[in-house]
Every structure is written in structure tokens, then in C-alpha cells.
Protein chains: 2
Amino acid sequence: MSHSLERAEELYEAVNQLIRVHQFRDRDYICCHDVTVAQCYALETLVKRGPLRLQALADEMYLDKSTTSRVVDSLLRKKYVLKALDPSDQRAVQLSLTPSGEALHQKIHQDLISEEALMIKNVAPEVVDGALTLIRQLTTAARDRLGS
Amino acid sequence: MSHSLERAEELYEAVNQLIRVHQFRDRDYICCHDVTVAQCYALETLVKRGPLRLQALADEMYLDKSTTSRVVDSLLRKKYVLKALDPSDQRAVQLSLTPSGEALHQKIHQDLISEEALMIKNVAPEVVDGALTLIRQLTTAARDRLGS
DNA sequence: CCATTATAGTTGTCACTAACAACATACTTA
DNA sequence: TAAGTATGTTGTTAGTGACAACTATAATGG
């Protein structure tokens, strides 16, 4: 039991460090592209999860709908996102990327992936594969825990 | 080469998800304790890296010194941090925790560790140990990359 | 079928986050 | 000692994030 707490502590530290470094990198690599980190994450989510309603987007991003509404606003102003009415529900909106939104996302995504590739270029492939599995497992565990 | 890019892409996704979930959890578990996430991170850094100058603290946190100065201000107002002059340099300050800062940090830290323990209670110990090594390796790789 | 209740988004407000620039002060070195 | 450099603080601006109050639309139930 005390062993499992030690493990928890070490994992907490390690994940924290990883998060800091990634956040810092994101600030560097995203913000020079006309969008902020949060805006970029919204773009990413819309790319991955297809057209979404506002509340659904907020859920995916773990944010309040009001916060999300404002992030989307900024993307609308910059013409990276399109807001269409849902024909089946006059209250709801369908959010999707414009072509220039797609293009921007593509560009940023590619930059970030290249950077990630450089970061792991000296790490053995098996090591990366292992980390992948485990990080996903941890994410699932955390998500389950929060959902409860 | 294309393989390594795929790996980079998957890793990027996986880490991103992990970051979201952890951020969400932090908002929940830290902010009910009289400090924000950033303030808590400053406390943690001061605990781990001992008394620090402002610029050193900013470096550890990957933040600008002005941002850090304000985070520290809020902690000074709440009496969780102590600011002492550096005798060897009248410009510099030595930042450290007050007893109540120590106590608060201890409490939050324990909460977070317990939560982390619950998250991994269904993950095999070897798996956690593996993740730990790999996450650290990735952090180091990322840090080296940014430092350059 | 209308009144109640619930849901989708928006807006007001407040505190915090974060950077950049300009500044005062103190150290350093040429 | 003058010029340059480093340490922190403050002004400013934009963005983040939550909560509550609000409008408008849908769904339900009596």
C-alpha cells in the first residue's frame, strides 16, 4: 500500500514535468501562427471529432460552455470556424472548420509533429511504443476516475 | 522515416489527452484549497527546489519573471510565501514558504497523490514503473530540445 | 394545448494567466 | 566613474476560465 503511494507520487511528478515542458513548447510553437493554444485545441478537436455542437465541443475540451463560446467567437472572427444552425433544433449550432481553418490546423499540426519527432529522435522506437500504451492507459484511468 | 513521424503523431495525441485530463483534475482538486493551479505550482517548485530567487523560480516554471512576480505577490498576500532580501545582492530576493505555506502544500500534495493512486489502482505496478521511466525519458528529450 | 420544465448558447462579471515593454535600482566592468 | 548588465516591479493588453443570469427553443405532462 505504501508502495503504491510512492508510485503514485513519482508518477505525479513525472507527468507534471512532462506537462510543463509540453505547455511551454505549445506556447512557443502555436502562438506564432495567429491563434492561441486554446484556440488551436478547439481547431484540433473539431478536426478530430467532426462538426460539433457547442456543448459537445466544451465537453471534449473539459471546459465550460461559456468559455468555449468565447474561444469559438475568436475563431469565427478570424474566419477559421463556421457556425451553422442545426435544422433539427433551432437552439443548436453546428461548428466546423472553414478551408482556411483546415489549412491553418494542418500547418500547425505538422509543425508540432515535426517538433515531437525531433524530440524523440534519440529515443528507441520500442521505448516510444511502450510509453504510448502506458500514457493511454493512464489517460483512460484518469478519465474513468473523473467521470464517476 | 515515415514510421517515426507516425509515432510522433501518436505520441503527440496521447500526451495531449493526458494533459487535458490532468489539467481538468488539477482545476478540481487544487482550486478548492485557496490557491490556483499556478500558485500551487509555485509552492511545489519552492518546496522541491528550495529557496529561490524570482528569476530562478520563473525559469523553473517556464514563465516570464513578470508573471511569476505576480503569482508570488498573491502568495505573499496570503502569507504562504516569505520574501527575504539576499544579503549578497540588494536587488535579489530569496523566496521560501512560510509554515502555513508548507502546510497547505502538504495538504494539496497529499490530496493529489491520493487521487493519482486511485487512478492507477487498476493498472499493474510493472506497467506504472514502465510508464514512469518512459515519461521521464520523454521529458528529458523535450527539455533538451527546447534548451537548444 | 398550454404551463412547466429542461436544454442550447450568449453575455456580464470577476479573478487569474501570460507576455512584452518600460522602469527603478543595484551590481559589474571597462 | 561611466556604460552596460542583471534583478524585480509595474503598466498594459489579450486571453483563460468559471459561475450566474438571461434569451430562445424544445420537450413533457396535466
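Heavy-atom basis, side chains included; hydrogens, waters and symmetry copies ignored. Naming: A, B, ... by sequence-line order, numbering from 1 per chain.
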Original post:
With a 4.0 Å cut-off, would you call K48(A) and E13(B) a salt bridge?
Top reply: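 Result for this pair is yes, salt bridge flagged.
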**OP:** Quick one: label S66(B) by what it contacts on the DNA or RNA (base, sugar-phosphate, nothing), any heavy atom closer than 4.0 Å.
**Re:**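 Since a base atom lies under 4.0 Å of S66(B), the category is base.
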**OP:** Under 4.0 Å between any heavy atoms, over every strand shown, what does R53(B) touch: base, sugar-phosphate, or nothing? Just pick one.
**Re:**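 Answer is sugar-phosphate: R53(B) comes under 4.0 Å of backbone atoms only.
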Between [N] atom [atom2] and [X] atom [atom1], what is the distance in whole Å?
X	N	atom1	atom2	result
L85(B)	dG8(D)	CG	C1'	11 Å
D64(B)	dA19(C)	CG	C1'	6 Å
R70(A)	dC19(D)	CZ	P	14 Å
L52(B)	dG8(D)	CG	C1'	15 Å
Y41(A)	dG17(D)	OH	C1'	15 Å
K83(B)	dT9(D)	NZ	C1'	8 Å
Q94(B)	dT7(D)	CD	C1'	12 Å
D73(B)	dT17(C)	CG	P	12 Å

Nearest-nucleotide pick for [X], side chain only, options being [options]:
X	options	answer
D89(A)	dA8(C), dT7(D), dG17(D)	dA8(C)
Q90(B)	dA8(C), dA19(C), dA26(C)	dA26(C)
L54(A)	dT25(D), dT10(C), dT25(C)	dT10(C)

Original post:
Between R27(B) and K65(B), which is nearer to the 5' end of DNA chain D once each is assigned its nearest nucleotide?
Top reply: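 Looking at DNA chain D, the more 5' nearest nucleotide goes with K65(B).
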Original post:
Between S88(A) and L63(A), who's closer to the 5' end of DNA chain D by nearest nucleotide?
Top reply: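 The residue whose closest nucleotide sits nearer the 5' end is L63(A).
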Original post:
Does Y12(B) have its ring centroid less than 6.0 Å away from the ring centroid of H109(A)?
Top reply: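 Ring-ring flag for Y12(B)/H109(A): true, centres closer than 6.0 Å.
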Original post:
Is R27(A) close enough and on-axis enough to Y62(B), meaning under 6.0 Å and within 45°, for cation-pi?
Top reply: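 No.
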**OP:** Examine the side chains of E60(B) and T45(B) and answer whether a donor and an acceptor come within less than 3.5 Å of each other.
**Re:**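 The criterion, which ignores hydrogens and geometry beyond distance, is not satisfied for T45(B) and E60(B).
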Original post:
Which heavy-atom pair separates C40(A) from I108(A) by the least distance, and what is that distance?
Top reply: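 It is SG-CG2, 3.8 Å.
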Subject >> Position toward the 5' end of DNA chain C (nearest nucleotide), R77(B) or Q55(A) >> reply: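 So the residue in question is Q55(A).
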**OP:** Please tell me which of R91(A) and Q39(B) maps to the more 5' nucleotide of DNA chain C, matching each residue to the nucleotide holding its nearest heavy atom.
**Re:**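 Whichever sits nearer the 5' end wins; that is R91(A).
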Original post:
Between T36(B) and dC16(C), does any side-chain N or O lie under 4.0 Å from OP1 or OP2?
Top reply: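 No, no such contact exists.
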Original post:
Should S69(A) be listed as having a side-chain N or O under 4.0 Å from OP1 or OP2 of dT10(C)?
Top reply: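 Yes, because at least one side-chain N or O of S69(A) sits under 4.0 Å from OP1 or OP2 of dT10(C).
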